[in-house]
Amino acid sequence: MAPAAPFPRRLLLSLLLGVLVVAIVAAADVESSAGGGGGRRHSPRRTRYSRVFSFGDSLTDTGNAAILPATAGGPFTRPPYGMTFYHHPTGRASDGRLVIDFLVKALGLPEPTPYLAGKTAADFRRGVNFAVGGATALDPAFLKSRGMTSSVPVSLSNETRWFQDVLQLLGASPHEKHTVAASSIFYFGEIGFNDYSFALSAGNGTVDVAASLVPDIIAVIRSAVTAIAPTAKMDDFHNHWLAILPSTCKNCFWPPIKMLFLVVRTQKTISTAVIAAGARTVVVAGMIPIGCEPEMLALFPGGAGNYYDPASGCITRFNDLAELHNRELQRALHELRRAHPGATAVRYADLYGPVAAAVASPKEYGFGSSPLAACCGSGGEPYNFNANFTGFCATPGSTVCADGPSSSVSWDGIHYTEATNKLVARAILTRPYAICIFRPPRTILRLLVAAAVADTGHHVLWLFAHMLRVANSLVVVESAGGGRHPPLPRYSRMFSFGDSLTDTGNAAILPVTAGGSFTRPPYGMTFFHHPAGRASDGRLVIDFLVEALGLPEPTPYLAGKAAAEFRRGANFAVGGATALDPAFLKSRGITSFVPVSLGNETRWFEDVLHLLAGASAHQKRMIAASSVFYFGEIGFNDYSFALSAGNGTVEAAASLVPEIIAVIRSAVAAVIAAGARTVVVAGMIPIGCEPEMLALFRSGAGDYYDPASGCIARFNRLAELHNRELQRALHELRRAHPGAAAAIVRYADLYGPVAAAIASPGEYGTPFVSYNKALISARDASIVVILSLLICVDVDLAGFGSSPLAACCGSGGEPYNFNANFTGFCATPGSTVCADGPSSSVSWDGIHYTEATNKLVARAILTRPMDFPTGRQLQIDRTLAEPVTTGSISMTPFSPHLVAAAAALLGLLATAVAGGGTGAYTRVFSFGDSLTDTGNALHLPSTAGGGGPASRPPYGETFFRRPTGRASDGRLAVDFIVEALRLRHPAPYLAAGGETAAEFRHGVNFAVGGSTALPPEFYEGRGLKPFVPVSLANQTAWFDKVLQILGSSDHGRRKIMASSLFIVGEIGVNDYLVSLVGNLTVGEVETSVVPHIVAAIRSTVNEVIAAGATTVVVPGMIPLGCEPQLLALYQGGGGGGVAGDDYDPESGCMTRLNGLAEHHNRELRRAVAELRGAHPGASVVVAYADLYRAVADIVASPGRHGFGGAPLAACCGAGAGAYNFDMAAFCGAAGSTACADPSAYVSWDGVHFTEAANRHIACAVLEAGALPAVSTAPMTWPAEAEAGPPPTMSSCRGCLCAAAAVHDDKDFVARRPRPQGVHDCTMRTYASSPPPDMPTLDYYPPPSPPVYYTPPSPPHTTVRRRRTEATT
C-alpha cells in the first residue's frame, strides 16, 4: 500500500493559527466581560455597543413611573408584579422582564438606569431608560386641545429632552458626545398606545379621532429619531481603519480599503463604512395589536358585522388602526434612511406580528387556550378585566391565573407577561441584520491583518471567514442549527405544489410550455450554469427549503413514472398553473394559457401516493406522515389574467379571492386527509411590485403608486386581501383538525420579505466578494471579508441595487426593463442581463425572482418560529443571543459562543490530522435515579436479590433481550447520549469493584433507581420514608471517592474532570412521589420541598465544578401529570391533595402535577442561570436540558413523533382503562403483559419510558445544543449487521433521530418486525444482542439466568404501600 501523502505543513500551521486567533477572540470576550461588573443578569459577552438608551411607555419602563409623583405607588409597585423573575415588584408593568430586558441581555449590555433614579454622570454611564409608564407620544397640551386627557404629564419630547441633558452630563465637548452616541444603541419602544387609547375613550370606541392622530404621532417619533441620529462622515471610517492598522501594514492594506470605498460609493450609501466605524443603531418599535388588548375588549364590547376578527376574536377596527400606524411608521423610517444615507442603521421592530400570532395560535407558542384574558385581574371570562377597573391586578379582589403567567399573553389586561415579552424580543432579534452583536478588540484586528499579510496566514483567513459565515448563518436566537449544515429534520421527503415560483422542471416537459424562454440561457446562469427548468437565474425558494431541511430534491412529476422516481419526493408545481380550473376562469371571461390547475396537481399527488403505497391505506398515511408538504404561491396567474381582462381594475380579480382561497383550503384538507402532518402554505407576493404589472398598467392618479416603494398600491392591497383570507382559512383548518390529527399547518409569508427588499433594497442582499473577485485580489479579498465579518460591517451583505423594480434580464430600459408587448423578454432576441449581476436585482425577468430574492424569502420562512419543527426548539433553555434553530440559512446576530464552537471544530480537525480522538469528551459521569440508572439498583442491598422489577423480564427485551438493570424495554436516554458522543458506556458505580482506576477510566454512572435528591433524614423527620436509602448526597460522596482513585495529584484530577461530561439528573421525581404519597398537597410540596431539591442539585453541580468539571448538563423534571402511574393512582380524585378533575383537555395529563413539575423547572433554571453567573466565561458551561418539553411534546402529538394513539398508557402492565396500570400487576409481575410493539408507546411500565421515548429525549437534548461539542465522525458498525451503508452520527443526525423519519415507513426501509433485536436507524437485526464487538457499547452486565417473579402479598390499603415497587 502506498504511504499516505503528508499533510501540508502550511495548512496545518494555518489551522493551528486559526485556533489561536479564535481562542484569543474568545479570551478577550471573557476578559472584557469579567471586567464589566457583576450582577446576576450580566451576560459575559462583548458587543459593538457600550450602553442602551431607551424611550417609550410602560411596555419599556423599568422604574421611572414608580418614582414619578403622578404614578408612584401605582399597582405595578405592589405584588404580584415581578413575581416570575424578580420575585418582587421592580417598577415593571409585568410579572417579570420586559422586551428591553431581553434585548439588553442578548446584547450583553448593562441594564440601563431609569432616568428618574439617577443624578450624576456615573449613574448614566452604563445607559439610561427614559421610558415612563403612561407616557404619550404627543404633548399633553396638544391632546387637551383635542379634548383628550392624559393622566401622566410626560411625552416623548420630554424623554428626548432628558436624553439631551444626560448627553450633556456624559460629554462636555461635541466630540465626546459624538463618541457616546456612536457607541450606544437606541431603542424606541412602542409609543402612542396611550394617545390612541385616550382618543378611543373620548370617541366611545370610534376610530376616527384616533386615526386623525396618526400623522402627528408619526411626526413626533420621526423627530425624536432625527434628534439622536446626526449624519456621519466618511472620515470617521477612514480614521477608524487607520487607527487599528499595524504601522507596518498601512500601505499594503490601503488598496482593498480604497476598493471598498469605491464599491460603497457606487451603492450610494456608506452604511457599511459607518458601521465599521462604530455607527449608531436605532431600533424603533411599532404599535401592538390594540384590538387584542383585554382592556379594550372589556371597555368596548359588542359591535355588529365584522366587529370581531373571526380568527382571533380581536376588535378588527382597532387592529386596523394599529396597522395604519405601523405602515406610516415604516414609511417614515424609510424616508429617514434616505435623508441620512449611511449615517445610522434605522430599524423597524415589529411588535404587532409576534403578539398577533400568539393570540391567533396560542398553543403553537406555548400559551394557554385563553389568549385574550388577563392573567392577573378580575372579571372572569372572557377577558378577566373589569371595565370599571375594579379588581385591577394588585388591587383587592384580583387574583393570578392558576396555571401561571407563562400560559397567558396578557399580564394585567394592558401589559404583557414575561413569556410574551420574550417572544417579542426574540422576533426583534431574529429579523435579519437587526442588531450586530459581536465586535472584537482592536488588538485582534491587528493580529488578523498581520496574519493576512503573511503568506502563512492566508489559508487560515479564508477558513476562518468560512467558519464565521457558517456561524452567522446558525444564529437565529432560539435553537442551534441551520446554514449549510442544517439539523436533521423529521421528514423523509417533500411534496410541493404551485406555479412557476416553485416549478423545478414540469413546465419544461409539458407540451404547451416546453421550449419556453426559461429553457434557454441565461436562465440558470448563477447556480446551475445552464437552464434547469427553473424560472430564475438560479435556485428557487423550494430549493433552499429542501437544502435547509436536509431532504433530497423532489422529482418533477412529469419527469417520473415509477415509484422509485418518487420515493424521494415529488414536485407537482407547473409554471403558468392557476389555482382555479381553466374552465371556471373561462366562464368568467378569463383565459388561462396552461391547462393545469391546483386541482390537477392534487390529483397527481394522489396518483403518486398510490404508486408508492399501492392499495394500503395505512402505508399511504405513513408516507404522508413522514413528508413535508409545501404549497408554494398559487393564484398569481389567476389574478394576473383577471387584471388583464379588466384593464387593470381590481374588481374582477378581487371577486376571485374567495374562490381561490376555497381551492387552496380544499387542497390542504385533501393532503391532511391523506395523512399529512406538516403543511406549509405560502401567501401571495406583492403583485403591485412586479415589473410586468408596472409596465403593463402604467400611470394612474392619486395614490396609484405607493410613495415609499413605487409599487401599484391597489394591486398590493389585492395581495394583502388574499393573504388575510388565506391566513383565516388556515386558522379554520387548524381548528377543524385539532391535536395530533392536524399536526402543523403553517402560513409562509412571501409578501413581507419581498416588499421589504423593494422598500429598502440596500439592506438586503447576498455575499459581496463573490461578485467582485475581478476587482479585488484573493488575498486582499480575504482581508476585507475577515475584518468585515469580525466587526459586523455589512460588506458581506452588499444588498440589492438601487432599482428594485427593474428586471435584471429583459429589455425596455428604465424604470422597469420590461416591454409591455413582451418583446425582448428574457432569453429572447434583444434581451440582456444586468451588468452588475442578478444578485443585485430583486426581479429576474420581470415576473420571477432572482436566486438572491428566493434565498431571502426562504430565510424568512425558515426563521419564523416553529415553521419546520425539527425537535430542537423546545428542549434547552438558553439565552436569547445563543443559538436557536429553525433550520435557518440567514445571517443574523453573531454569538461569541459560536467562536468557541469554531475553535472546537478546528481543534477536532487538527487532532484528526494527528491521528487523535474523535470527540470533545473522553468520559461521562452521571447522577440521578432510575431514568439514568444502568445497573446500580441491581447491587443495592435493598433492591437486589431479584426484588427490583428491572432485574426481571420483559425489561431489556427490545435491545438487550435480557434484563440489565435499566428500567425500560431497552436503552435509556443516557445510553443514547453516550453513543452519540462515541464514548464508552460509564460503569455503574456499585457494579464495579470500586477499587482501581481502570474500572472508572471511561466514566461512572452513580444514578440509582429509587434515589431521592434529599437525604432520608429529611423525610424521616417529617414522618415519611424514601424508597431506597440513597440520595444525591450519597452519589456525590461516591464521586469524591472515584476522583481520588482516578488521580494522584490535584492537577491530574482536574485534567480528567475538564475532559469529562457531567449529567446531574434527572433527580427529584421520587422526592415528589414520597411527599405526595405522604399526603402533602401540591402547594405544600412546592413551598417546603422544591427549594431543598433545587438546592441539593445546585450543591452537587458546584461540587463537581470545584473538582474541575467544565461541562455540566442539568436535566429538568419530566411532566409528572402525564405518568400513567399517577394518572391511575389519582383517577377519580383519590389522595395526595390532587384534584381528580384537574386534567388538561388536550393531553389528558393532570395539570396540577404538571404545574408542580413546571415550578421545579422554573426554580432549577433560575439556579442554573445563577451558576452560570457564578462561573462566567467559556471556562465552565452549565446547561439546562428541558426534559419536560421533550416528553410533553410527544404526549400532546404522539403521531407526529411516530408513536401510537395511547401516549398515556403503559406498554407493560395490567389493568383496565386508559392507563394499563395496576400496582398489583406491575410490569414483570404475574398477570402483567407487554405490548407487541414498545416503540409505539411513550411509557414502558407506567413509571419509566420506552427505548423509543428515551431516544427522542436524548435527541432533544443533543439537538438543542446542551453539549458544546459533539463528534461528527461516522459510527463503525459490526460486520454481522445487514448489508447497507452505515449511518452517520453527528449529534443526533444519524441513527438517534432518523428513527422519527423512518419509524413507520416500511415501504422505503427494509426491516424486520420489532421488538426482537431492533437497534439502529435502519432497524437492522442482529443475531445476538448487542454484538460483542460493538465499539460504542462496551459496558453491559453479563446475561443472567431468568428470575421469575414471585407474586407479592396483597397490597395494603394505604397508598404508600401500593407504590413501593413503582419507584422511579
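Contact of the V546 side chain with the Y630 side chain is not registered, since no non-hydrogen atoms from C-beta on lie closer than 4.5 Å. You'll find the side chain of I685 reaches within 4.5 Å of the side chain of L501, heavy atoms only. The closest side-chain heavy-atom distance from L580 to I660 is below 4.5 Å. Residues S803 and E814 have side chains in contact (heavy-atom distance under 4.5 Å, counting atoms from C-beta outward). Using a 4.5 Å heavy-atom threshold, the side chains of F697 and S644 count as touching. Looking at R859 and L856, their side chains come closer than 4.5 Å, going by heavy atoms from C-beta outward. Looking only at side-chain heavy atoms (C-beta outward), F715 and E690 stay at 4.5 Å or farther from each other. Using a 4.5 Å heavy-atom threshold, the side chains of F544 and I861 count as separate.
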**Request:** Go through the steps for N319 and D309 under the test side-chain contact (heavy atoms from CB on, under 4.5 Å), then give the verdict.
**Result:** CA-CA 9 Å; N319 278 356; D309 177 69; 5.9 Å; no
**Working for side-chain contact (heavy atoms from CB on, under 4.5 Å), residues L696 and L643** = CA-CA 10 Å; L696 287 174; L643 289 170; over 6 Å; no
**Message:** Applying side-chain contact (heavy atoms from CB on, under 4.5 Å) to L805 and C689, what does each step give before you reach the verdict?
**Reply:** CA-CA 7 Å; L805 298 179; C689 301; 4.2 Å; yes
**Request:** Mind running side-chain contact (heavy atoms from CB on, under 4.5 Å) on V214 and I217 for me, showing each step along the way?
**Result:** CA-CA 5 Å; V214 172; I217 291 174; 5.9 Å; no
**Request:** Dump the intermediate steps for ring pair (Phe, Tyr, Trp, His ring centres under 6.0 Å) on H722 and Y639, then the final yes or no.
**Result:** CA-CA 10 Å; H722 172 102; Y639 297 133; 5.6 Å; yes
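Between F593 and F641, the distance from one ring center to the other falls under 6.0 angstrom.
In plain terms, the two heavy atoms of T850 and D537 that are nearest each other are CA-OD1, 3.1 Å. Closest approach of L656 to D638, counting heavy atoms only: CD1-O, 3.9 Å. Taking all atoms of both residues into account, the shortest heavy-atom contact from M684 to Y751 is O-CB, 3.4 Å. The nearest pair of heavy atoms linking L321 to A210 is CD2-CB, 3.7 Å. Here the shortest heavy-atom pairing between V663 and A579 reads CG1-O, 3.3 Å. H334 and S760 get closest at one heavy-atom pair: ND1-OG, 3.6 Å.
Qualifying side chain to side chain contact (heavy atoms under 4.5 Å, CB included) partners for A360, counting only residues two or more places apart in sequence or in other chains: none.
Atom CD1 of residue I687 and atom CZ of residue R717 lie 12.5 Å apart, to the nearest 0.5 angstrom. Distance check: R539 CZ to F527 CZ gives 4.0 Å after rounding to the nearest 0.5 Å. Rounding to the nearest 0.5 Å places CD1 of I590 at 12.0 Å from CG of N637. Note that CG of D836 and SG of C808 are 7.5 Å apart. Values are rounded to the nearest 0.5 Å. Note that CZ of F800 is 10.5 Å distant from OG of S843, once rounded to the nearest 0.5 Å. Atom CD1 in I712 sits 4.5 Å away from atom CG in L694 (nearest 0.5 Å).
One N or O on the side chain of S536 and one on the backbone of Y849 form a donor-acceptor pair closer than 3.5 Å. Between the side chain of N817 and the main chain of A807, a donor-acceptor pair closer than 3.5 Å is present. A donor-acceptor pair under 3.5 Å is formed between the side chain of D503 and the backbone N or O of G575. A donor-acceptor pair is defined here as one N or O able to donate and one able to accept, closer than 3.5 Å; such a pair exists between the side chain of S831 and the backbone of A827. No side-chain donor-acceptor contact under 3.5 Å links D845 to the backbone of A535. Without hydrogens or angle criteria, N716 side chain to G688 main chain gives a donor-acceptor distance under 3.5 Å.
Tested against R534, the residues D543, N854, T502 include a single side chain to side chain donor-acceptor pair (under 3.5 Å) partner, D543.
The SG atoms of C834 and C809 do not sit under 2.5 Å apart.
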Using distance only, find each side-chain donor-acceptor pair of residues 818-826 under 3.5 Å and give its atom names and separation, not counting sequence neighbours.
unit_1 : atom_1 : unit_2 : atom_2 : d
N819   : ND2    : S811   : OG     : 3.0
N819   : ND2    : T823   : O      : 3.0
N821   : OD1    : T823   : N      : 3.1
N821   : OD1    : T823   : OG1    : 2.7

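The list of salt bridge (charged side-chain N to carboxylate O under 4.0 Å, His left out) pairs with a residue in residues 658-669, not counting sequence neighbours, reads R588-E659, R665-E732.
The pair R728-E725 counts as a salt bridge, with a side-chain nitrogen and a carboxylate oxygen less than 4.0 angstrom apart.
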